[in-house]
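A single structure is presented below for examination.
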Amino acid sequence: MTNLKSNFLKSVTERGYMHQCTGLEDLDKKATEGIVTAYIGFDCTAPSLHVGSLLPIMMLRTLQKTGHKPIVLMGGGTTLVGDPSGKDESRKLLTEDVIQSNMDSIQKVFAKFLKFGDGPTDAVMVNNADWLKTLNYLEFLRDFGPHFTINRMMGFDSVKLRLDREQPLTFLEFNYMILQAYDFLALNRSYGCTLQMGGSDQWGNIVSGVDLTRRVDGKEAYGLTTPLLTTSSGAKMGKTAAGAVWLNAEQLSPYDYWQYWRNTEDADVGKFLRLFTELPLAEIERLESFEGQEINEAKKVLANEVTKMLHGEDAAKTAQETAEKTFEQGQLGQDLPTVDVERAKLDDGIAAFSAFMLAGLAGSGGDAKRLIKGGGARINDKAVSDINHTVSAADLNDDGVIKMSAGKKRHVLLRAI
RNA sequence: GGGGGGAUGCCCGAGUGGCUAAAGGGGGCGGGCUGUAAACCCGCUGGCUUACGCCUACGUUGGUUCAAAUCCAACUCCCCCCA
């Protein structure tokens, strides 16, 4: 590799954010000479981003910390169209109301990672609906249509994947990349934005924007992508017992978030420390050199650092204490998910299988019974083998809760009210 | 516009009249091993029921039949080829 000079690109490569980059040397020079303004676009398809977006967010954070200006682009307009990249079938179209409410809910997360404001390197948040919704179709076609050839577009992975799988790709989706390319041009014009970053699945879209900006305005523009993150055993990142790993606390509690990172595979600890924490590289090397059981200490550091950044120091500490009590000392952790139950119901007694449903540890009666039959159900750490075992007020401990466990990792506290 | 093919459980995919809540795989869940890891091994995997059983399910709607995911008709959506 070339010797990079700019702090930004040095960090990006050292930490493992770099997958592909256009015009690396030029970009490096630019980043050494002055402030680079860069953007990443985020979909508004769900009310919260999930860990998959954490990598791009960390890139923006790195960008800002190394003296440059990040733009967070909310895809209020492009989400109306739907990005076909990496999807083997089209998604249901979302209504504007849903997109708007998703966007409102997503925005909060960014303030935790970036400093927003009016200063030269302060972050800015924009919504592409602001310029996409007012586009005039004929004008747009005349101005930009000539710069895209179907021949080329057919070659992009997002398009090829669909065609190869004989899945329909609608004209609507086909236009997504053109709109995203136009975003880049628009941001270049209004903010002097010269760099678009994103996940590796965005490469085609990003390159299109780079080309468009060069062709139409003759301006230099660059693209940089992050690697697609999978765990060492090949699974996609972002799943836990509780479902997707959301960044919003309403969707996933800080405790579950902490647990997600604590359960990182051994082989990924170093990689994740580099990508998702800001610990010095030397410290990371020390942590990842731990072997056997020791590496669990490194995983705790990882979980603490990552949780701290998103949910704050206190939340991280509480999560760690709860986890240690629960898993290392076999006690109750106060931060375990809690479900309220009416006192009167408890006094009457609740059949074990329905108690597990109440606690949210089983999705149906059959599910609960399977759990009990399979030997994975425990109440106050005692195995339950009888479906009709009764849970009652007598099971409440001194703190007024009953600990329900499904398997080794899923624990819920039933609290009498 | 013409011709051909297809739609099955969370996903992929077998099944072409009863033995089918539906093979197999993936995923998920539980157990074992261990370190709250990976890999590996075992079990479970529609709902309601202690259970006998009942209900819902093979694109939609109707029909044939004692009996349909399987046969027929219409409809919807999709794919491919020709124009």
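Within every chain, numbering begins at 1; the chains are lettered A, B, ... in the order of the sequence lines, protein sequences first and strands thereafter.
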B:C41 to B:C58 separation - C1' atoms, rounded to the nearest Å: 34 Å

Inter-nucleotide P distance (B:C52, B:C71), Å rounded: 33 Å

RNA chain B: A:A323 or A:L371, which has the more 5' nearest nucleotide? A:L371

Quick check against the 3.5 Å criterion: does A:Q64 have a side-chain atom that pairs as donor or acceptor with the backbone of A:K115? yes

Do the side-chain N and O atoms of A:T78 and A:D183 include a donor-acceptor pair separated by under 3.5 angstrom? no

Hey, does the side-chain of A:K408 have a donor or acceptor N/O within less than 3.5 Å of a partner on the base of B:U34? yes

Can a side-chain donor-acceptor contact be found between A:N296 and A:Q293 if the only test is distance below 3.5 angstrom? no

Rounded off to whole Å, could you give me the CD-to-P distance for the A:E328 and B:U36 pair? 8 Å

Using a strict 4.0 Å threshold on nitrogen-to-oxygen distance, state whether A:D314 and A:K317 make a salt bridge. no

Could you give the distance separating B:C54 and B:U61 at their P atoms, to the nearest angstrom? 24 Å

Kindly determine whether A:K345 and A:D348 satisfy salt bridge (charged side-chain N to carboxylate O under 4.0 Å, His left out), including the steps that lead there. CA-CA 5 Å; A:K345 268 192 182 172; A:D348 292 345; over 6 Å; no

Scanning all shown strands, the Watson-Crick or wobble mate of B:U36 with both distances under 3.5 Å is none

Spacing of A:L287 atom CG relative to B:A37 atom P, expressed in whole Å: 20 Å

Do the side chain of A:S6 and the main chain of A:L4 share a donor and acceptor less than 3.5 angstrom apart? no

What nucleic acid atoms does A:Q259 come within less than 4.0 Å of, heavy atoms only: base, sugar-phosphate, or nothing? base

May I ask you to decide whether A:E139 forms a salt bridge with A:R142, counting only side-chain N to carboxylate O separations under 4.0 Å? no

Which letters describe nucleotides 46-57 of chain B, given B = protein heavy atom under 4.0 Å from base, S = only from sugar-phosphate, - = neither? -SSSS-------

Nucleotide B:C44, atom P - distance to CG of A:L361 in whole Å: 22 Å

Integer angstrom distance from the C1' of B:G35 to that of B:A39: 14 Å

Give a yes/no answer on whether the side chain of A:R262 brings an N or O atom under 4.0 Å of OP1 or OP2 in B:A37. no

A:K409 has an atom NZ; how far is it from atom P of B:G30, in whole Å? 9 Å

What's the closest nucleotide to the A:E265 side chain, out of B:C29, B:U36, B:A37? B:A37

Nearest whole Å is fine: how far is B:U36 P from A:K300 NZ? 10 Å

Please report, rounded to the nearest Å, how far the C1' atom of B:U36 is from the CG atom of A:D266. 12 Å

Within the structure shown, what part of the strands sits under 4.0 Å from A:T264 by heavy-atom distance: base, sugar-phosphate, or nothing? sugar-phosphate

Distance between the P atoms of B:C81 and B:C75, in whole angstroms? 25 Å

Who does B:C29 pair with, Watson-Crick or G-U, both distances under 3.5 Å? B:G43

Residue met sooner reading RNA chain B from 5', once A:G376 and A:W258 are mapped to nucleotides: A:G376

Could you check how far CZ of A:F327 sits from P of B:A37, rounded to whole Å? 9 Å

Pairing partner of B:C58 (Watson-Crick or G-U wobble, both distances under 3.5 Å): none

Counting any heavy atom closer than 4.0 Å, what does A:A406 reach on the DNA or RNA strands: base, sugar-phosphate only, or nothing? sugar-phosphate

Please determine, for B:G18, whether a Watson-Crick or G-U wobble partner exists with both distances under 3.5 Å, and give it or none. B:C66

Is the distance between the ring centroids of A:H411 and A:F327 under 6.0 Å? yes

Atom pair distance, as rounded to whole Å: CG in A:D268 and C1' in B:A37: 10 Å

Distance check, C1' atoms only: B:G13 and B:G25, in whole angstrom units. 8 Å

Work out how far the C1' atom of B:U65 is from that of B:A14, and round it to whole angstrom. 26 Å

Measure from the side-chain N and O atoms of A:T322 to the backbone N and O of A:D335, and report whether any donor-acceptor pair falls under 3.5 Å. yes

What's the gap between B:C55 and B:A21 when it is taken at their P atoms, as a whole Å value? 13 Å

